[in-house]
> 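Structure incoming, see below.
FYI, side chains are in, hydrogens and waters are out, and symmetry mates aren't considered; it's all heavy atoms of this structure. Below, read A as the first sequence line, B as the second, and so on, with proteins coming before strands; counting in each chain starts at 1.
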There are 2 protein chains.
Amino acid sequence: MTSRGKRFGAPHDGASRPTADKSERGIPEATVARLPVYLRALVTLSDRGIATCSSEELATAAGVNSAKLRKDLSYLGSYGTRGVGYDVEYLRYQIAREIGVTQDWPVVIVGIGNLGHALANYSGFSSRGFRIAALLDADPGRQGEVVGDLPILAFDRIEELVAEHGVAIGVIATPAPAAQAVCDRLVAAGITSILNFAPTVLAVPEGVDVRKVDLSIELQILAYHEQRKAGLLDRIDPGLPDTTPAMPGKTTTAKAVG
Amino acid sequence: MTSRGKRFGAPHDGASRPTADKSERGIPEATVARLPVYLRALVTLSDRGIATCSSEELATAAGVNSAKLRKDLSYLGSYGTRGVGYDVEYLRYQIAREIGVTQDWPVVIVGIGNLGHALANYSGFSSRGFRIAALLDADPGRQGEVVGDLPILAFDRIEELVAEHGVAIGVIATPAPAAQAVCDRLVAAGITSILNFAPTVLAVPEGVDVRKVDLSIELQILAYHEQRKAGLLDRIDPGLPDTTPAMPGKTTTAKAVG
DNA sequence: AAGTGTGAAAGCATTCACAGCG
DNA sequence: CGCTGTGAATGCTTTCACACTT
């Protein structure tokens with residue numbers, strides 16, 4: 001999804017970016033979104049001491065089918081050996097390089113509430129190409145507290161931190177009402193990639209990428225399918241309370257959830 | 001993305017499910033994934049006291065373009081008025097009903113570590129169609145602790161809880177190594193929708209939907225694009241350390257990140 | 001043999017552009 | 001007149017199937 005070149009980042013849409021040239025490094029967005037999954041699968045295989053794997057094995061470990069995997073890898077180059085498969089370490093390195101995580105990216109986390117704490121304590125950052133450069137919060141009551149080795153700093157210091165550490169990626173873990181203002185300030189400070197945990201659509205200028213993680217949205221998508229499964233049962237075994245209870249015509253004010 | 005009918009849930013893939021019949025409620029998966037976003041936008045408009053909106057306005061609030069919004073809504077029915085727009089409350093109700101969140105779904109959260117705590121304290125559940133039925137953890141040291149009104153219970157009680165509360169949706173917030181075993185037990189207990197926060201691919205039987213939320217994957221996707229932006233600058237202003245530092249030929253053991 | 005890499009085909013999703021309705 | 005709803009066109013993604021390499 002990444003919304004470079006668009007004012008709003010849509011959710012999970014594999015919107016293609018304005019490709020400079022199809023031949024020149026044109027990796028499809030859908031493929032880019034899977035490369036991290038392949039990378040993790042390779043790390044798992046590597047940890048198990050497996051030196052070589054077929055597209056079938058790697059695909060299984062990554063939860064995709066092998067045709068898709070091979071097509072995806074083909075955009076990176078020819079890193080396999082016909083008749084044999086892939087060298088786990090070699091492919092792992094190539095994908096890490098393609099993604100750009102052979103070195104660590106410094107990241108700032110803004111909003112150190114419940115979620116921010118959890119993120120700050122997450123141990124997987126360093127092994128996956130990231131390093132927390134700073135924890136920021138606008139609430140003076142939280143500043144100074146140490147969370148997972150790092151002190152919470154005043155949000156005001158964002159410009160300084162971006163300049164000093166070369167931070168390009170920011171994580172927003174604030175309440176929804178604060179998110180847009182925080183986002184604007186991050187962008188003004190020079191941050192060009194944002195991971196948004198606040199349940200809000202962020203508006204950003206062209207050239208800034210936004211991805212979002214939204215618990216409620218994920219649950220609601222599950223609920224939709226769950227309802228459908230239940231509905232199938234209902235048709236076999238009817239007699240349960242069914243559709244359209246309240247909310248008669250338009251303009252009524254029935255309590256719809258949101 | 002939901003992987004009903006597939007053994008593995010792929011990440012962010014809009015994999016279509018085995019449609020029973022195209023005419024009979026065939027809402028595309030990409031549309032389903034956006035309905036929650038529209039719902040949230042409508043709630044925001046509603047809170048602002050706005051009674052009516054055009055597709056253009058709603059699309060802006062939801063971060064998509066109006067053609068896509070109208071096409072999406074057309075799968076639900078004709079809930080707008082030509083020349084006028086949409087009644088905010090009415091459309092809100094219709095979308096909530098379509099998603100299935102006019103009543104609350106009971107949800108269990110498994111693994112009450114840092115992230116589990118954050119999820120348990122998240123206040124948005126009830127207003128968005130969900131209710132935490134129980135918090136579970138396998139660690140006796142955590143059991144009994146009260147988090148956001150609810151006590152942490154032994155994971156062993158899952159079957160009992162599913163039966164008693166009719167829980168269909170489970171959230172996995174355990175460490176990665178525990179996730180598959182927890183998942184298997186949830187499925188055995190009767191849960192058919194899973195939201196997975198553990199950085200692992202889960203294998204589930206047909207009929208069980210899995211969605212995943214993965215911080216590292218999101219950050220790595222951002223890193224990929226960020227690297228590309230930096231690369232463009234490099235070509236204008238060269239002289240920076242560039243590609244392919246270590247990792248010469250295959251079989252080498254350079255330290256690739258994962 | 002075994003398994004990768006890849007054109008070509010099929011399937012989805014998005015966008016266009018406008019008929020049709022209030 | 002304005003704006004929705006929607007076929008048709010376009011573009012992307014996935015799948016197929018097999019030539020080709022080791």
> If you only use heavy atoms from C-beta on, which nucleotide in D:dA8, D:dG5, D:dC16 is closest to the side chain of B:Tyr86?
D:dG5

> Tell me: CG of A:Asp72 to P of D:dT13, nearest whole Å?
10 Å

> For A:Leu69 and C:dG5, what is the distance between atoms CG and C1' respectively, to the nearest whole Å?
12 Å

> Are any of A:Ser55's side-chain N or O atoms less than 4.0 Å away from OP1 or OP2 of C:dT4?
yes

> Examine distances only and state if a side-chain atom of B:Trp105 and a backbone atom of A:Gln227 form a donor-acceptor pair shorter than 3.5 Å.
no

> CD of B:Glu57 versus C1' of D:dC3: gap in Å, rounded?
11 Å

> Can you tell me the distance, in whole Å, between the CD atom of B:Glu29 and the P atom of D:dT14?
13 Å

> Consider the side chain of B:Ala30, meaning its heavy atoms from C-beta on, and name the nucleotide among D:dG5, C:dT14, D:dT15 that approaches it most closely.
C:dT14

> Under the salt bridge (Lys or Arg N to Asp or Glu O under 4.0 Å) rule, what pairs show up with a residue in residues 69-82 of chain A, not counting sequence neighbours?
A:Arg34-A:Asp72

> Nearest whole angstrom, please: distance from the P of C:dA2 to the CD of A:Glu56.
14 Å

> Which residues satisfy the salt bridge (charged side-chain N to carboxylate O under 4.0 Å, His left out) test with B:Glu57, sequence neighbours excluded?
none

> Please identify each residue that fulfils side-chain contact (heavy atoms from CB on, under 4.5 Å) with A:Ala188, with sequence neighbours left out.
none

> Using the side chain to side chain donor-acceptor pair (under 3.5 Å) criterion, which residues pair with B:Asp214? Sequence neighbours excluded.
A:Arg40

> Using the side chain to side chain donor-acceptor pair (under 3.5 Å) criterion, which residues pair with A:Ser216? Sequence neighbours excluded.
B:Tyr122

> Among C:dT15, D:dT4, C:dA13, which nucleotide has an atom closest to any side-chain atom of B:Pro28?
C:dA13

> Please list each protein N or O that sits under 3.5 Å from an N or O in nucleotides 20-22 of chain C, with the distance.
from, atom 1, to, atom 2, distance (Å)
C:dG20, N3, B:Arg82, NH1, 3.4

